[in-house]
Each structure stands twice: as C-alpha cells, then as structure tokens.
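The structure appears right after this line, and notes come after that.
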Amino acid sequence: MKLDKNKFDLLLGNWIKWDGDLWAVLREIELKLLFDRIVTEMNDADLAKNYRTTPEKIREFLAVIYFKIEKSHGKKLAGLIRQIDAHVQAKAQGKNEKPEQGFDFEKVFLN
C-alpha cells in the first residue's frame, strides 16, 4: 500500500504537535521552524523572509534542531528528518536528487 505524501505530512505534523518529548526539548519557535521546513517544505530563503533573518542563520537553527532531535529521539529519527531536509533543499535548488541513503519519502509503503 502506498502512503500518500499528504498523509505522510499529516503524520509528521501530528508528531510535531503532540510529541511531549519533542516539546520538552525544543522551544516553540524551533517547533514552528521544524514544521515549516519538514511539513510545508519551505526553503531557506522563504524561512528567512518569514522569520526576518538570513538563510545562513536558518541553516544554523535547523542544524541545532536536528542535533536536539538526535539527542532526544535517537539517530535514526534524526537521520530521517535530515534526509527530508536534504530533499527539500535539493528541490529548492532545482535538483532532482534523492536524499542520502536512497530513502524517498514521497514513496512510503506500509507493510
């Protein structure tokens, strides 16, 4: 069974909204930034415009968020989030590259 990308985004959005451990680790602004990047797939320039900062600062904030997720939720989940981030980054640059390790989150299948 193929999982629709919208349903996968819904799953990620609900995880961000309801995971108490994630809320304990991240501040509200970090949660909003994570949601905007991973679920709504906003690129660095759009995020920088939204949060009134530079794209370089956005990359730094995202790196800190991913590090916090790695420490609180483990390397596997943080790796998945980083792969999704790499996909969003490649898409924003006009590349059709697949994220590292061959994972394509647009083709998620349930067993």
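Among all heavy-atom pairs drawn from Tyr51 and Leu33, the shortest one is OH-N, 3.6 Å. Val88 and Met42 get closest at one heavy-atom pair: CG1-O, 3.9 Å. Taking every heavy atom of both residues into account, Tyr66 and Ala78 meet most closely at O-CB, 3.9 Å. Taking each heavy atom of Pro55 and Ala45 in turn, the nearest pair found is CG-CA, 4.4 Å. Of all heavy-atom pairs spanning Ala92 and Asn43, the tightest one is CB-CB, 3.4 Å. The two residues Thr54 and Ala48 come nearest to each other via the heavy atoms C-CB, 3.6 Å.
A heavy-atom distance below 4.5 Å is not found between the side chains of Ile81 and Asp85. In this structure, Glu28 and Lys32 have side chains that are in contact, with non-hydrogen atoms separated by less than 4.5 Å. Contact annotation: the side chain of Leu34 approaches that of Leu22 to within less than 4.5 Å [non-hydrogen atoms, C-beta and beyond].
Atom CD1 in Ile38 sits 10.5 Å away from atom NE2 in His87 (nearest 0.5 Å). A distance of 4.5 Å separates CG in Leu77 from CH2 in Trp15, rounded to the nearest 0.5 Å. Atom CD1 of Ile84 sits about 5.0 Å away from atom CG of Leu12, to the nearest 0.5 Å. Expressed to the nearest 0.5 Å, how far NZ of Lys17 lies from CG of Leu10 amounts to 10.0 Å. Between atom OG1 of residue Thr53 and atom CG of residue Leu47 there is a gap of 10.5 Å, rounded to the nearest 0.5 Å.
Checked for salt-bridge contact, Glu56 and Arg59 miss the test: no charged N lies under 4.0 Å from a carboxylate O. Taking the charged nitrogens against the carboxylate oxygens, Glu41 and Arg37 have no contact shorter than 4.0 Å, which rules out a salt bridge.
A donor-acceptor pair is defined here as one N or O able to donate and one able to accept, closer than 3.5 Å; such a pair exists between the side chain of Glu30 and the backbone of Arg27. Between the side chain of Trp23 and the backbone N or O of Ile16 there is at least one donor-acceptor pair closer than 3.5 Å.
Side-chain heavy atoms closer than 4.5 Å link hydrophobic residues (I, L, V, M, F, W, Y) into clusters, and following such links, even through other members, never connects Leu62 to Val64. Residues Ile29 and Phe67 do not share a hydrophobic cluster, defined by chaining ILVMFWY side chains whose heavy atoms lie under 4.5 Å apart. Linking Ile, Leu, Val, Met, Phe, Trp and Tyr whenever their side-chain heavy atoms come within less than 4.5 Å puts Leu11 and Phe35 in one cluster.
Looking at Gln93, Gln89, Lys49, Lys57 one by one, the single match for side-chain hydrogen bond (donor to acceptor under 3.5 Å, both in side chains) with Asp44 turns out to be Gln89.
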Residue pair Arg82, Glu70: steps toward the side chain to side chain contact (heavy atoms under 4.5 Å, CB included) verdict: CA-CA 10 Å; Arg82 286 184 177 116; Glu70 182 177 324; 2.8 Å; yes

